Amino acid sequence: MSRSKSTVASIVLNNFVNDSRVLKECLSLHKHGYDVTVVALHDEGQEEREIIQGIPVHRIKLLSRKWSKKRAVQLFKYLEFLYKAVHNYKKY
């Protein structure tokens, strides 16, 4: 009887450039047989999809990314990111 791989999405509210803590967690999960993907925010000039040390990274582009940093607008950005992450990665 074969066991199917469990899939894990590690969702971060940054662009996952220098997040060594999350990378170490993902590498450990991968080492123990999990299929891991990092879901992060996209910044201009970055790849939307890339592989870092064997871990797929998917960055979500937000329509609201360049909007104001006011609290109400930040809440909208968060909700946009959450919606897109849940919608696109619900199999994880």
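Model, not experiment: these values are computed from the prediction. Nothing fancy with the numbering, it's 1 onward along the sequence. Worth knowing before you read on, the calculation uses all heavy atoms, side chains too, and leaves out hydrogens, waters and symmetry mates.
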Query raised in the report: Taking only residues two or more places apart in sequence or in another chain, which ones pass ring-ring contact (aromatic ring centres under 6.0 Å, His included) with His58?
Result: Tyr89
Query raised in the report: Is the shortest heavy-atom distance from the side chain of Ile51 to the side chain of Val57 under 4.5 Å?
Result: no
Query raised in the report: Considering only heavy atoms from C-beta outward, does the side chain of Ile60 approach that of His42 to under 4.5 Å?
Result: no
Distance-only criterion, 3.5 Å: show the donor-acceptor pairs between side-chain atoms of residues 77-85 and protein atoms not counting sequence neighbours.
from, atom 1, to, atom 2, distance (Å)
Lys77, NZ, Arg65, O, 3.3
Lys77, NZ, Trp67, O, 3.0
Lys77, NZ, Ser68, O, 3.3
Lys77, NZ, Gln74, OE1, 3.0
Glu80, OE1, Ser64, N, 3.2
Glu80, OE1, Ser64, OG, 2.5
Glu80, OE2, Leu63, N, 2.7
Glu80, OE2, Lys84, NZ, 3.2
Lys84, NZ, Lys61, O, 2.9

Query raised in the report: Is the CD atom of Glu44 crowded by more than 12 outside heavy atoms at less than 6.0 Å?
Result: no
Query raised in the report: What's the verdict on side chain to side chain donor-acceptor pair (under 3.5 Å) for Thr37 and Tyr92, showing C-alpha distance, side-chain angles and the deciding distance?
Result: CA-CA 9 Å; Thr37 299; Tyr92 290 76; 3.3 Å; yes
Query raised in the report: Where is the tightest heavy-atom contact between Ile55 and His30, given as atom of each residue plus distance?
Result: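 Between these two residues, the closest heavy atoms are CD1-CB, 3.9 Å.
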Requested in this report: Spell out, as yes or no, whether a donor-acceptor pair under 3.5 Å connects the side chain of Arg59 to the backbone of Glu47.
Outcome: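 Present.
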Expected list for residues 8-23: side-chain donor-acceptor pairs under 3.5 angstrom, two or more places apart:
from, atom 1, to, atom 2, distance (Å)
Asn14, OD1, Phe16, N, 2.8
Asn14, ND2, Asp19, OD2, 2.9
Asn15, OD1, Val17, N, 3.4
Asn15, ND2, Asp43, OD2, 2.7
Asp19, OD1, Val22, N, 3.4
Arg21, NH1, Glu25, OE2, 3.3

